[in-house]
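Below: one structure, written as structure tokens.
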Amino acid sequence: MSFRKWMLTFLAGMFGAALLLCAFNVLVDPFGVFGDKVLQWHSYNMVNNPRTAKIAYLDQYHDRYDSYVIGGSKSSSLPPELLNKYYGDARFYSMMMYGGDFDDYEKTLYYLANHYEVKNIILHISMFEVGRFGYDSADVKEELHAKVSGASLPLFYLKYLTLHPRYGIDKLQGYAERRIDAFAYSQIIPETGVYNKTRRDAENVNDLDAYLAANPQFSEKLYQIPPRAIDENVASLRRMKAFCEERGIDFRVVTGATYYAELERYSDLNALKTYWKKLAEVTDFWDFSGYTPVSFDPRHYYDPSHYRNSLGEMMLGYMFDDPDVFVPEGFGHLTTRDNVEEHAERIFTRPPKLAGGANGEKKVPILMYHHLVTDPELENASSISPDKFAADMRALKEAGFTTIFLSDLVDYVYEGKALPDKPVAVTFDDGYLSNYEFAYPVLAELDMKATISVIGWSVGETKYKGTDRDIIPHFTWEQAREMVESGHIDIQNHTYDMHNPNTPEEPSRRGVLPEPGESSGAYARALAEDVLRNERNIERHVGNDVFALAYPYGEYTFLSELVLQDLGYKVTLSTRNGINTIRQGDPLSLFALKRINAGPDIPSAELVQTLERLIAQ
């Protein structure tokens, strides 16, 4: 074969291979830039790069939408369905993108408004964007669509026609495997543009220790972000607002919630205060950032940089004053040029460290008792004999344990006050008369302490709620005051009327648990009303400070913890078995405390051995 013939054959082969590669990339379309006409797997394309795939998707389906959320990945936690509800006649779509900045947002806004019908725009911003403006990434997974960026369309499409085939092969492999795990390849919902967080939102957030163990990302240190794009961002915001005003588009700005660790990214918080003031000169905005009541609990977040959908719902509930949504006091602020200076100073000033810092910690066992009975036949898991209780107390004392009040734990965490070498908290639930008749004299004789959490309606009662049905007698307010004044007893909250079992014979709310379908706002009002009623009664009749609540049946949820924190409670008690690690400077270490049930089947000596073993672990 002549060289000329060989070269023509080679070139023809190369041209054919190039055509095959182009055809492969068009048919498989791993980034959706050609409309994904064959596989129509838009969710995969958007996971690859939402900036390009969403534009291609909207070019086909934009008539379904008339309103848009524009922002980085955090903005996904603003649910379009809720926005549609609050706006009334809107059809929202989320333009959430990875690592966006104001330049990306501005160009996206212009494209949407110039090519589609747009009635409403929500610009979601965070502090992340302050570090850059106009960042141009060479990664195909981060670049804007050329229709948005203004880059050459022929060159843009040529790039995706000639992509390395590994992108298409990965998509085909995922397409084959998605029957095994569809979620693995569908983390973005194409119809709304938001992350599919079904699995993450199903995580159990009630147990803080378990949540942290399952999410080690909260222990990772975040890289620093220098605030160097303030003026560019403010100028961009001014242009976007003017653009929307000229076209009659409703334009609102929302800032995202921040975990405290994310705030540690910024060495110069004064620059953020300046930034906020400049933003407020351009427009009012709904602010949920900075140090707020939700900044210190990781259960509000998927990782240190992304807040949960539940917080997004709280944010919208605050913005639209929805009584069905519980919003903690101090979370949310409509920031204006008139109030921004004071507000920015508050949210961007690092809270002073609690006395003692965050280094000291102590393992503290909490014993749980209920009723003392003189009839051995009546003994059970929650009823023991007075002799057994006395033996427990003597065994503790002889082993060197010192009984403390729950207030001592609060002082340790908040003020750094020392605890004894071997502290133990003794607790009683319900407020039975036997506590006064048998436990109180033992504690007084041995100079020991206990906390009794009372059910409000049953104080001093021998009958069940206005009926003739007998109940175990409960001590009176006079007897409660006598015990408190002795210095050996503290009285705390066990709810006023939520210690109910929710059985067919007595249908009711079970303890403090939300009822099926109950909104967070309605639940928070019901729980607060009950708890505060009992709190006022205790403080009026006994005079001591009420700051702790023992959960009926030991059952609770993350929402009940939030409501009680919002009410100013510093301690909650569960019935989970185990010992507690109380940490100075960490108020969350005082919530959902574990307790050890000192039942009749555990000899006093064995009980003490159990405590010492748990402390030593």
Side-chain angles (χ1 to χ4, degrees), residues 72 74 77 124-131 208 212 217-227 230 253-280 285-308 310-312 314-315 317-319 326-336 339-358 413-416 558 561-570 583-591:
K74 288 184 179 181
S77 289
H124 181 287
I125 65 176
S126 65
M127 293 174 294
F128 175 80
E129 297 95 347
V130 76
L208 175 59
L212 286 174
Q217 65 268 24
F218 284 100
S219 63
E220 297 173 1
K221 189 172 181 62
L222 299 176
Y223 59 86
Q224 289 285 308
I225 298 179
I230 290 177
V253 178
V254 178
T255 67
T258 45
Y259 185 52
Y260 85 94
E262 183 183 4
L263 289 160
E264 300 302 317
R265 285 181 165 192
Y266 306 93
S267 56
D268 186 7
L269 291 182
N270 287 324
L272 294 180
K273 297 173 187 177
T274 300
Y275 181 36
W276 248 233
K277 294 173 188 176
K278 291 185 176 183
L279 292 176
F285 59 95
W286 297 94
D287 191 12
F288 301 91
S289 61
Y291 293 101
T292 72
V294 305
S295 295
F296 298 92
D297 194 328
R299 291 172 291 181
H300 287 298
Y301 302 85
Y302 299 110
D303 57 57
S305 298
H306 297 89
Y307 61 88
R308 284 186 170 271
S310 55
L311 269 192
M314 281 188 190
M315 290 163 58
Y318 179 86
M319 291 171 57
F326 167 70
V327 181
E329 187 70 27
F331 179 58
H333 185 265
L334 178 57
T335 302
T336 70
N339 63 34
V340 65
E341 187 165 359
E342 178 182 354
H343 174 65
E345 185 67 27
R346 177 175 62 84
I347 65 169
F348 292 131
T349 297
R350 288 190 172 92
K353 288 186 176 180
L354 299 174
V413 168
Y414 283 83
E415 299 178 20
F558 185 35
E561 297 276 81
L562 295 181
V563 174
L564 289 167
Q565 290 174 35
D566 198 51
L567 294 176
Y569 277 73
K570 292 182 169 64
R583 292 176 290 272
Q584 291 179 332
D586 182 9
L588 289 180
S589 67
L590 293 173
F591 280 81

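Quick caveat, the model's predicted, so the values are computed rather than measured. Side chains included, hydrogens not; waters and symmetry mates left out as well; all remaining heavy atoms used.
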**Message:** For F218, give me all partners under side-chain contact (heavy atoms from CB on, under 4.5 Å), at least two apart in sequence or on another chain.
**Reply:** Y211, L212, N215, Y259, P298, Y301, P304

**Complete:** Taken in chain and number order and not counting sequence neighbours, the residues that satisfy side-chain contact (heavy atoms from CB on, under 4.5 Å) with T349 are K273, E345

**Asked** Hey, is the main chain of G332 close enough, under 3.5 Å, to the side chain of T292 for a donor-acceptor pair?
**Response** no

**Message:** Going by the rule side-chain hydrogen bond (donor to acceptor under 3.5 Å, both in side chains), which residues pair with H306 if we only count those two or more places apart in sequence or in a different chain?
**Reply:** S73, D303

**Asked** Any side-chain heavy atom of W286 sitting closer than 4.5 Å to one from L334?
**Response** yes

**Fill in**
Contacts of F558 meeting side-chain contact (heavy atoms from CB on, under 4.5 Å) (sequence neighbours excluded), chain-then-number -> V205, N206, D297, R299, H300, L562

**Message:** I'd like to check the salt bridge (Lys or Arg N to Asp or Glu O under 4.0 Å) partners of D566; sequence neighbours left out, ordered by chain and number.
**Reply:** none

**Asked** Residues in side-chain hydrogen bond (donor to acceptor under 3.5 Å, both in side chains) with T336, at least two apart?
**Response** N339

**Asked** With sequence neighbours excluded, what pairs up with Y266 under the side-chain hydrogen bond (donor to acceptor under 3.5 Å, both in side chains) test?
**Response** none

**Item:** By side-chain hydrogen bond (donor to acceptor under 3.5 Å, both in side chains) - contacts of T258 (at least two apart)
**Value:** none

**Fill in**
All heavy atoms of G330 vs all of P293, minimum pair found to be O-CD, 3.5 Å

**Message:** Can you tell me if Q217 has over 12 outside heavy atoms packed within less than 6.0 Å of its CD?
**Reply:** yes

**Fill in**
All heavy atoms of F296 vs all of P351, minimum pair found to be CZ-CG, 3.8 Å

**Asked** Taking everything shown except Y291 itself, do over 12 heavy atoms lie less than 6.0 Å from its OH?
**Response** yes

**Message:** My understanding is that only residues two or more places apart in sequence, or in another chain, count here; which of them pass salt bridge (Lys or Arg N to Asp or Glu O under 4.0 Å) with E262?
**Reply:** K74

**Prompt:** Given side chains that start at C-beta, do those of F326 and V563 come closer than 4.5 Å, heavy atoms only?
**Reply:** yes

**Asked** Does K570 have any salt bridge (Lys or Arg N to Asp or Glu O under 4.0 Å) partners at least two apart in sequence or in another chain, and if so, which?
**Response** none

**Item:** Validation row: S289, W276 side chains within 4.5 angstrom (heavy atoms)
**Value:** yes

**Request:** Test L263 against R350 for side-chain contact (heavy atoms from CB on, under 4.5 Å), laying out the working first.
**Result:** CA-CA 9 Å; L263 289 160; R350 288 190 172 92; 5.7 Å; no

**Asked** Taking T335 for the side chain and D287 for the main chain, is one N or O donor matched with an acceptor at less than 3.5 Å?
**Response** no

Side-chain donor-acceptor distances from residues 219-227 under 3.5 Å, at least two apart:
{"residue": "S219", "atom": "OG", "partner": "P216", "partner atom": "O", "Å": "2.7"}
{"residue": "Q224", "atom": "NE2", "partner": "E264", "partner atom": "O", "Å": "2.9"}
{"residue": "Q224", "atom": "NE2", "partner": "R265", "partner atom": "O", "Å": "3.4"}

**Request:** Determine the minimum heavy-atom distance between P587 and G585, stating which atoms define it.
**Result:** CD-O, 3.5 Å

**Message:** So, taking the atom named CG in D586 and the one named CZ in F591, what distance separates them when rounded to the nearest 0.5 Å?
**Reply:** 10.5 Å

**Nearest-0.5 Å distance, CD of residue E342 to CD1 of residue I347** = 11.5 Å

**F331 side chain reached by M315 side chain, heavy atoms, under 4.5 Å** = yes

**Prompt:** Judged by atom type as modelled, is there a donor-acceptor pair below 3.5 Å linking the side chain of S77 to the main-chain atoms of Y307?
**Reply:** yes

**Rounded distance (nearest 0.5 Å) linking atom CZ of F285 with atom NE2 of H124** = 12.5 Å

**Fill in**
Hits for ring pair (Phe, Tyr, Trp, His ring centres under 6.0 Å) against Y318, two or more places apart or cross-chain, chain-then-number order -> F288

**Asked** Between CD of E341 and OG1 of T274, what distance do you get to the nearest 0.5 Å?
**Response** 9.5 Å

